[in-house]
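These values consider heavy atoms only, across backbone and side chains, with no hydrogens, waters or symmetry-generated copies. Here the structure is a predicted model, which is why all the values come from computation and not from measurement. Letters A, B, ... mirror the listed sequences (proteins, then strands); counts begin at 1.
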Amino acid sequence: MTIAYGLRDRYCGEVDETCVGMNISVCGWVSRIRDHGEHLVFLDLRDHTGQIQCVVDKNINIRSEYVLKISGFVSYRPEENYNDKIPTGRFELKDCEIEILNTAEALPFSLNSKANIDEALRLKYRFLDIRSERMQYNLRLRHNVIQAIRESMSSLDFLEVDTPLLWMPTPEGAREFLVPSRLQKGHFYSLPQSPQIAKQLLMVGGMDRYFQIAKCLRDEDLRADRQFEFTQLDLEASFVGQDQIIEIVSKVISDLFLKILSVSVGPIESISWIQAMLTYGTDKPDLRIPITITDLTALFTSTKVNALRGSSVQAMLLKNVASLGRAKLDEFVAIAKRLGGKGLLWLRVVNDEQGLNFDSPVSKFLEDDDRQAFLKGLDPNEGDLILVVSDEPLLACQILHAVKTYAISEFLIKEEVSKTDYRFLWVTDFPMFESVDENGNAVAAHHPFTMPNEDDLQLMDSNPLKVRSSAYDLVLNGWELGSGSVRIHKREIQEKVFNALGLTDQEAESKFGFMLNAFRYGAPPHAGFGLGIDRLIAIVANESSIREVIAFPKSQSGIDLMTMSPTMVDDRTVKELGLSVLDKDKSETK
RNA sequence: GGACCUGUAGUGCAGCCUGGAGUGCACGUCGGCCUGUCAAGCCGAAGGUCGCGGGUUCAAAUCCCGUCAGGUCCGCCA
């Protein structure tokens, strides 16, 4: 018996020519039984490495998913009975002795079935679901990815430091989970939405380079790519700027893809936020999709068509879909209106006696200049479909992006988007503030510790919405994989940003006083990044939801279907925490 | 807070639009047969609160309303 193998001599999937002729023991679960009568029973034993066929020639009372230790002689199968579908298909265990380590009831769903098992059922019995090949693969992949990241970070002189889970609420940003304090009644810790402030304080503490495979917690609504708790590669480095962080993260990513997938990522393109918005209509474009937005404003300055006389003219060409029915086109228009646009104009490219022409609700208003403008601006072919939104540029482009996303999900070019094509993109120069609220205060686009672009500092008071920040996102195939920024390390600039956000000095002091205080004592210039590991693994695993790469995820309404948490607790427990539950009847019926 | 999709035997589905006896398929389960299978095969059997509640109707899995659960998305996610 060895440390590695315990009760067994080999793992099931490891049986190979090196052990032919040996009497070995394997342990695992019964995957399938093929019973030919008492003289011949085939039994597939499965563990985390694979499966091996065991031949039994006596009466047994074994059922699926029993836990067995099987001892037998490893033999080659008769050559005509090789099974090429599995790695151990040339071997089998003969003259087997079976020890039943545990019995099992029939499972609520089959682990062998190729059918899609209802996800709620899988989550209720997650401990069984994890036995499936899919989950075994995904969780092993997750381990390998995290392991590779730790090695990379370590080799780049980053040091892993734990930061507290029970900490200080940071009221800006995502809604946080609160934890009542028993010892300090009426006081609360919060679970961090990210270790942001802690890692900046580590920089003040002279750690130079920090990273953490960090749990982040956000009490916001769940999605396919969002869970309450998720895992982030959190990193921060001193005396570096945007370029170094981008270089570091790019290296970690490309080393990872080479190691895990043998894929060479190559240099990662970079695009400014405004350019991304105007070209793709989103700040997280999927570069695998070759549909971009063209600004035709300059070509329609003197048009008489009202639908083309908005403050800009943004157009998108969809190849070979002019046959699309009116119902779909009406849905496009509906999407545009739902997003706050005035509408959307479509033009089918046809070929008539005048050459290329347009079939559209505005056909009869189109003058020759308008036709030429579309031909010149978009170079369409017969059978293409042109979609145009004439509105404020950002809104128009966002509408076209939404329509494009819908079109792709419904009918467009799906087969052309390769799942094994990994198109990374850095998006830089995000706006510092995304809007101004009803009180005239700016609303931060990133977090309030983000350094404004130095060239825009003088706009902070006069025109804050024009201020760019030193923030950058890493995008992969339309997923936001992570984001980071250069941080403010000077107290004066930090105060200026808090002011723009509408925080009074007193508020800033009470919420972030410890941080402002730290900045009095020599904070180094620093910058960092947070990379969503669940999303990264989901993409690498070719899964469309991060739930598939998390051992025990929650449903969209935030319930763990296995434990059925969250649960009620008894009054005494609540009272001990210095709390009382309001509207209890209502919460009990839920 | 909102929109849409889904819920039928242990599992995966069909049936629903156009109301007429829980009508059907595959897998699994249970029993029997079977000495080279590998999604073994053959024979047989059991297995149903059609998510739940209400309404319309002579009659509801089917139509209507509500509700619960799951999913996708919008809002939200500094």
Carboxylate-amine/guanidinium contact [X] [Y], below 4.0 Å:
| X | Y | value |
| --- | --- | --- |
| K215(A) | E229(A) | yes |
| K419(A) | E543(A) | no |
| E133(A) | R46(A) | no |

- Whether F42(A) stacks on the six-membered ring of rU37(B) base, 5.5 Å and 30° limits: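 By the stated criterion, F42(A) and rU37(B) stack.
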If you take atom types as modelled and just measure distance, does the side chain of [X] reach the base of [N] with a donor-acceptor pair under 3.5 Å?
| X | N | value |
| --- | --- | --- |
| R226(A) | rC77(B) | yes |
| E38(A) | rU35(B) | no |
| R77(A) | rU37(B) | yes |
| R338(A) | rC73(B) | no |
| D221(A) | rG75(B) | yes |
| K554(A) | rG71(B) | no |

Could you please name the option among [options] that lies closest to any side-chain atom of [X]?
| X | options | value |
| --- | --- | --- |
| E92(A) | rG75(B), rG36(B), rG12(B) | rG36(B) |
| R63(A) | rC38(B), rG31(B), rC73(B) | rG31(B) |
| L40(A) | rU72(B), rG36(B), rG75(B) | rG36(B) |
| R32(A) | rC38(B), rA39(B), rC73(B) | rA39(B) |
| S64(A) | rU37(B), rU29(B), rG70(B) | rU29(B) |
| A106(A) | rU37(B), rG71(B), rU29(B) | rU29(B) |
| H36(A) | rG12(B), rG36(B), rG70(B) | rG36(B) |
| F109(A) | rG70(B), rG71(B), rU11(B) | rU11(B) |

- State yes or no: are the ring centers of H401(A) and Y280(A) separated by less than 6.0 Å?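 Ring-ring flag for H401(A)/Y280(A): false, centres at least 6.0 Å apart.
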With sugar-phosphate meaning primed atoms plus P, OP1 and OP2, does [X] contact a base, only sugar-phosphate, or nothing at under 4.0 Å between heavy atoms?
| X | result |
| --- | --- |
| E119(A) | sugar-phosphate |
| P108(A) | sugar-phosphate |
| D57(A) | nothing |
| S113(A) | nothing |
| S557(A) | sugar-phosphate |
| I86(A) | nothing |
| L121(A) | sugar-phosphate |

Could you tell me how far [M] sits from [N] if I compare only their [atom1] atoms? Round to whole Å.
| N | M | atom1 | answer |
| --- | --- | --- | --- |
| rU6(B) | rC13(B) | C1' | 13 Å |
| rC65(B) | rU18(B) | P | 14 Å |
| rC68(B) | rG75(B) | C1' | 23 Å |

Can you tell me if [X] touches the phosphate of [N], counting only side-chain N or O atoms and a distance under 4.0 Å to OP1 or OP2?
| X | N | answer |
| --- | --- | --- |
| R547(A) | rU72(B) | yes |
| K114(A) | rC27(B) | no |
| N112(A) | rA39(B) | no |

- Message: Please verify the inter-ring angle class for W273(A) with F430(A); under 30° counts as parallel, over 60° as perpendicular, anything in between as tilted.
- Response: tilted
- Query: Roughly how far, to the nearest 0.5 Å, is CE of M168(A) from OH of Y189(A)?
  - Reply: 12.5 Å
- Hits for side chain to side chain donor-acceptor pair (under 3.5 Å) against N453(A), two or more places apart or cross-chain, chain-then-number order -> none
